[in-house]
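Below is one structure, written out as C-alpha cells; comments come after it.
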2 protein chains.
Amino acid sequence: MDGTLQALQNRLLASLPRDDMALLAPHLSVVNLERGRLLHDPGDKIDTVYFPHDGVISLMTLMESGAAIESATIGCEGALGLMAAVGPRQALSRAIVQTPCKAERISVHHIHEAWERSPALRDLVDRHTEALFGHAIQSVACNALHSVEARFARWLLTCHDRISSDRIALTQEFLADMLGVQRTTVTAVARGLQTKGIIRYRRGVVDIIDRHALEGVSCECYGVVRRTYERLLP
Amino acid sequence: MDGTLQALQNRLLASLPRDDMALLAPHLSVVNLERGRLLHDPGDKIDTVYFPHDGVISLMTLMESGAAIESATIGCEGALGLMAAVGPRQALSRAIVQTPCKAERISVHHIHEAWERSPALRDLVDRHTEALFGHAIQSVACNALHSVEARFARWLLTCHDRISSDRIALTQEFLADMLGVQRTTVTAVARGLQTKGIIRYRRGVVDIIDRHALEGVSCECYGVVRRTYERLLP
DNA sequence: CTCCATGCGTCGAGTTCTCGACAGTCTTTG
DNA sequence: CAAAGACTGTCGAGAACTCGACGCATGGAG
C-alpha cells in the first residue's frame, strides 16, 4: 500500500513534488487489472482513480446500436477518472482494460482531499484534462479523414508505447470494435501490413516487426497526440 | 461594458450567482463577431474568453494536409477559451465564427482573477470542461460510425438550436469542410433532404422546413450531447 | 448592363468499406 | 481424444464516398 518505495512508472505521479505525493501515498495501492475488466460504464458514479504504470485502458463511447468504439486511451502518461478529483462525476464512457495493467488505485474521496490541499495536484489535473481533450479532438478528425490502415497503425503505435514488449495480445475482432469497422476490413489491412513485413500476427497476437515503417503507415495523429501530452505533462 | 443591465442569453453567465457575476461584470464587454472571423489557431496563447449570447463558434482541428474539420462547437450554452481561466493555455484548435454572434468578451487575466476568488465560477469552469469533453468523445464515435446524411442533420440541428431563426447562412462547400467530406457528397445529401421536404436551400442559405423530420434523420449523437450539457450545466 | 467570382448540379470511374455467409484452423475443456 | 468455442481467411454483391472535371445559375461589383 506504499507506492513511494517502488519505481513509479506512472508519469503523472512521478512528476508530483515530494510533499504533494506524500498526501496521496498513504491511500495508494497497487492493483493488477486483468485484460477485459470493466472499470465503469456511462452514468456510473466515479469512485476510484487509476494511475497505470503500464498497459492500456480504453475509453469507449457506447452507441444505441450496441457498438462500443474507442474514443481515447489511458496509459502511464495519464490517469482514469482524474476529473473526479475536482468534484463528483458521472462517467461519460465505458472504461475497459485493454492490456493487463499494474496501476496505482486511490479512492475519489482521498484524492479529492489531496486536491484541496495541493496546488501542484490541481495543476496536474488541469493539464491532464487539457491533454485528454486534445487527444479526443484529434481523434474526431482522424476518424473522419483517415483510412482504416492509418488508424490501425496509429492504434498499434499508441499501444506499443505503453507496454514494454513488441508483442500485443489482441484479436482482429476486438480491434475492429475499437476502430468502429468490420472485422473483415481489419483482416484485409492486417494481411497487407504483414505482407509488407511490418507486423506478424496469429490467433490473438500481433508482433511489431518494423516500428519505423509502421510510423510511416500511421497518420499524423499519433505524433500530434503524443506531442500534446509531452507539452502539457512533461 | 456592463453586461448586467441587459438580458444575459449566455447560459453559463446566467447561471452564476449574483456576487460571483459581480466579479466578472466590470470586465465584460459585448462584441459582435462577424461570420468567418478567426479567433485563434493551434498554438496561439489564449488571451480572451468569449461567452456567446447567440450564434455558433466552431472548434476545428487542423491537419497537415490543410484540412480543417470541426471537432466541437460553442454556443450560448458554453464559452470559448474557458479552460484558460484556470491557467495559461495554448489553443489546441482553430476557432472561427460560424454564424454572426453577439458575445460577452473578457480577458483571460480578469477571468482568472475572478476564478481565484469565486468557487461558483471554478465549479462552472469544471463542469463546462467536462461537457465539452463529452461532446468531443461523442463526435469521435459519430464520425467513425454514422453516415454523412445523419451527421449533416445533426449539424443543422445543433446550429438551429443556437440561432433564433429557421434560416442558416452556409454554403455546401463550407459544410463539406466542417464534416470532412467532399462537396459533391454534401450536394447529394442536401438534395435528398430537400426532396423529402425537410429542408430547402439555395446559394448559401438553408431553410429548415421540418425540424421534427430532421431529428429523425439525425443520429442519436445530437440528443446525447444536448443531454450532457443539460445535465452538467443546468 | 456586363462581367466575373462564387456556389450548385451532375457525371463517371474508381476506391474503400459494409454486410452476410461459410470454411478452415487453432485452443481449450471435458 | 473428442467436442466446442474462438479466431482468421475468403468471397461477392452492393453501398457509400472520393476525386476530378465541366457546365450552369446566381448575385454582386464595376
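In what follows, every chain begins at residue 1, and chains take the letters A, B, ... in the order their sequences are listed. All values reported here derive from a predicted model rather than from experimental measurement.
Axis orientation changes by 30° from one end of the helix from dC1(C)-dG30(D) to dG30(C)-dC1(D) to the other, with each end axis drawn from 5 pairs and the value rounded to 10°.
A salt bridge links Glu34(B) to Arg37(B): at least one charged side-chain nitrogen sits closer than 4.0 Å to a carboxylate oxygen. Between Glu77(A) and Arg162(A), at least one side-chain N (NZ, or NE/NH1/NH2) sits under 4.0 Å from a carboxylate O, which counts as a salt bridge. A salt bridge links Asp41(A) to Arg94(A): one of the charged nitrogens lies within less than 4.0 Å of a carboxylate oxygen.
What separates CG of Leu175(B) from C1' of dC17(D) is a distance of 15 Å, to the nearest Å. At whole-Å resolution of the value, CD in Gln182(A) and P in dG12(D) are 18 Å apart. Taking atom CG of Leu179(B) as the reference point, atom P of dA16(D) lies 16 Å away to the nearest angstrom. As rounded to whole Å, 13 Å separates atom C1' of dT8(D) from atom CD1 of Ile199(A).
Few gaps surround CZ on Arg211(A); more than 12 heavy atoms of other groups in view lie less than 6.0 Å from it. Other residues, nucleotides and ligands contribute over 12 non-hydrogen atoms within 6.0 Å of the CZ atom of Arg231(A). The number of heavy-atom neighbours closer than 6.0 Å to CD of Glu173(A), taken from other residues, nucleotides and ligands shown, is 12 or below.
Residues passing the salt bridge (charged side-chain N to carboxylate O under 4.0 Å, His left out) test with Asp207(B) are Arg167(B), Arg202(B), sequence neighbours excluded.
Taking the ring axis of Phe174(A) as reference, the NZ or CZ atom of Arg35(A) stays within 45° of it and closer than 6.0 Å to the ring centre.
Only Ser147(A), Val148(A), listed by number, bring a heavy atom of residues 140-151 of chain A to less than 4.0 angstrom from any atom of DNA chain C. Taken residue by residue, residues 183-194 of chain B places heavy atoms nearer than 4.0 Å to DNA chain C at Arg183(B), Thr184(B), Thr187(B), Arg191(B).
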Pairs: protein N or O with nucleotides 4-6 of chain D N or O, under 3.5 Å:
residue	atom	partner	partner atom	Å
dA6(D)	N3	Arg203(A)	NH1	3.4
dA6(D)	N3	Arg203(A)	NH2	3.1

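Reading DNA chain C from its 5' end, the first and the last nucleotide to sit under 4.0 Å from a heavy atom of chain B are dT6(C) to dC11(C).
A residue-by-residue look at Val205(B) and Gly180(A) shows that Val205(B) has its nearest nucleotide of DNA chain C further toward the 5' end.
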